[in-house]
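Inspection log for the structure reproduced underneath, given as structure tokens.
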Amino acid sequence: MQWIMRISGFFAAALVTIILFPSLQSFPPAEAIRSPRRFASPDRFSFRQSPAFRNAAECGAGIGENTTICEPSLVHIAITLDEDYLRGSIAAVHSVLQHALCPESIFFHFLVSEPKLETVVRSAFPDLHFKVYYFDPDRVRNLISTSVRSALEQPLNYARNYLADLLEPCVRRVIYLDSDLILVDDVAKLWRTSLGSRAIGAPEYCHANFTKYFTNRFWSDPHLAGTFSGRRPCYFNTGVMVIDLHQWRKSRFTRSIEKWMEIQKLGGTGSAGRIYELGSLPPFLLVFAGHVAPIEHRWNQHGLGGDNVKGSCRDLHPGPVSLLHWSGSGKPWARLDSNNPCPLDALWAPYDLYGPTANSR
């Protein structure tokens, strides 16, 4: 059963590069946002149970039911769970497991603001190694300023800022993934990326207009704009990052991000005092842009959800594909349910476990 699932995944990857020809157009980056569609209650979620995924022989021994979170051979992945994005999160996990050579060696760290969602994960993936961390919305509620869209103001969008605090000290590296993506490659390849002396690694997009992420007030104030002095800042999407938690903790980057959020908050609601208009992305850019370990673009083929207003259909960027990311307002599950999908949404569908026949193999 497992080899059938993996082969189907490989066919999905082949469809990306062979059947669907990428456009040569460059897309303006889009920050991942929360979908307006909500489920009625966590108790009413219905997901089919994933098939069991087992390590290949070359993965070695030592991973089993009693594996602890501090096992050095584990690959650590962090992802958020909430009612709006739960269907996407489950599909993302499913895609990771299906394409991993050593799926039993992956440990998931789920950040939640609704603890009941843990039972949903366990029912879909009974053999999964994971831990759930409650993220208190009050931790950031007073730091969040209004954004161009209210969906960008959700506290869970900021949970990634606190991974170094939430995860155990023995976890020294983690891959952060948004919930609106799928992998079509082995995540261990991304895990092995060298960060050098950098705290984070991500695909960079230096052709993007970096100035648009900040207001005229920011660029006209020499003290504020000077934060990029001596740096070559490039846009990067925070939905896919490899994070060196040891370096992060050592440099106290969580506090650095909070300080920029405080400056934004003090500026008030008027455009004259604000330094940015988006949600959780600009503080990350202020701290890390120009200090990011570059990762191949294949690991974040982003923007497939279209812009942050209309969610228009888009093609892939040129180049190979290891991860497809529906950042933007259009989500594949919503478009498929409405019978108005974009062509690339068909590549997300095989990983969707949502359906009326829960707990079936």
Closest heavy-atom pair and its distance - [X], [Y]:
| X | Y | answer |
| --- | --- | --- |
| Val292 | Arg198 | C-CG, 4.2 Å |
| His94 | Phe125 | N-CZ, 3.8 Å |
| Ala289 | Pro233 | CB-CB, 3.8 Å |
| Pro294 | Glu204 | CB-OE1, 3.9 Å |
| Pro283 | Met261 | CG-CG, 3.9 Å |
| Tyr351 | Leu183 | OH-O, 4.2 Å |

Mark yes or no for whether [X], through its side chain, and [Y], through its backbone, hold a donor-acceptor pair below 3.5 Å.
| X | Y | value |
| --- | --- | --- |
| Arg252 | Trp248 | no |
| Arg249 | Ala164 | yes |
| Ser329 | Asp307 | yes |
| Asp244 | Gln247 | yes |
| Glu296 | Arg298 | no |
| Arg160 | Asn157 | yes |
| Ser89 | Thr80 | yes |
| Arg232 | His291 | no |
| Thr215 | Arg274 | yes |
| Asp345 | Cys342 | yes |

Taking the side chain as C-beta and beyond, is there a heavy-atom pair between [X] and [Y] under 4.5 Å?
| X | Y | value |
| --- | --- | --- |
| Arg173 | Leu195 | yes |
| Val132 | Leu111 | no |
| Leu81 | Glu118 | no |
| His99 | Val184 | yes |
| Tyr134 | Asp136 | yes |
| Leu286 | Gln264 | no |
| Trp326 | Ile182 | yes |
| Ile275 | Arg217 | yes |

Nearest 0.5 Å, what's the [atom1]-[atom2] distance between [X] and [Y]?
| X | Y | atom1 | atom2 | value |
| --- | --- | --- | --- | --- |
| Leu323 | Asn300 | CG | CG | 6.0 Å |
| Asn161 | Ser256 | CG | OG | 11.0 Å |
| Leu163 | Phe135 | CG | CZ | 9.5 Å |
| Lys331 | Ser179 | NZ | OG | 9.0 Å |
| Leu285 | Cys234 | CG | SG | 10.5 Å |
| Gln301 | Leu316 | CD | CG | 5.0 Å |

Less than 6.0 Å separating the ring centroids of [X] and [Y]?
| X | Y | result |
| --- | --- | --- |
| Tyr235 | Phe210 | no |
| Tyr276 | Tyr213 | no |
| Phe253 | Phe288 | yes |
| Phe284 | Trp260 | no |
| Tyr133 | His109 | yes |
| His297 | Tyr205 | yes |

Glu104: which residues meet the salt bridge (Lys or Arg N to Asp or Glu O under 4.0 Å) condition with it, sequence neighbours left out? Arg54

With sequence neighbours excluded, residues passing salt bridge (Lys or Arg N to Asp or Glu O under 4.0 Å) with Arg255: Glu258, Glu262

Would you kindly say whether Asn55 and Ser105 are connected by a side-chain donor-acceptor distance under 3.5 Å? yes

Quiz question: by atom type and distance under 3.5 Å, do the side chains of Thr211 and Trp219 form a donor-acceptor pair? no

Tyr176 and side-chain contact (heavy atoms from CB on, under 4.5 Å): which single residue from Ile243, Ile200, Val240 fits? Ile243

Phe107 vs Phe130, ring pair (Phe, Tyr, Trp, His ring centres under 6.0 Å): CA-CA, chis, key distance, verdict: CA-CA 5 Å; Phe107 196 102; Phe130 74 91; 7.9 Å; no

Lys131 meets the side-chain hydrogen bond (donor to acceptor under 3.5 Å, both in side chains) criterion, sequence neighbours left out, with Glu168

Determine whether Phe110 and Val121 satisfy the following criterion, side-chain contact (heavy atoms from CB on, under 4.5 Å), listing intermediate values before the conclusion. CA-CA 9 Å; Phe110 294 115; Val121 175; 3.7 Å; yes

Flag the pair [X] and [Y] as a salt bridge only when some basic side-chain nitrogen lies within less than 4.0 angstrom of an acidic carboxylate oxygen.
| X | Y | result |
| --- | --- | --- |
| Asp180 | Arg87 | no |
| Arg139 | Asp165 | yes |
| Arg141 | Asp138 | yes |

Derivation of the side-chain contact (heavy atoms from CB on, under 4.5 Å) call for Arg48 and Tyr354: CA-CA 6 Å; Arg48 298 183 300 277; Tyr354 182 70; 5.8 Å; no

Should we say atom CG of Asp221 is surrounded by more than 12 heavy atoms from elsewhere, each under 6.0 Å from it? yes

Is it true that, when you exclude Arg122 itself, more than 12 heavy atoms of the residues, nucleotides or ligands shown sit nearer than 6.0 Å to its CZ? yes

Check the pair Asp178, His325 against side-chain contact (heavy atoms from CB on, under 4.5 Å), reporting the backbone distance first and the verdict last. CA-CA 8 Å; Asp178 268 350; His325 187 186; 3.4 Å; yes

Begin from the C-alpha positions of Ser327 and Leu304 and carry the test side-chain contact (heavy atoms from CB on, under 4.5 Å) through to its verdict. CA-CA 6 Å; Ser327 57; Leu304 304 185; over 6 Å; no

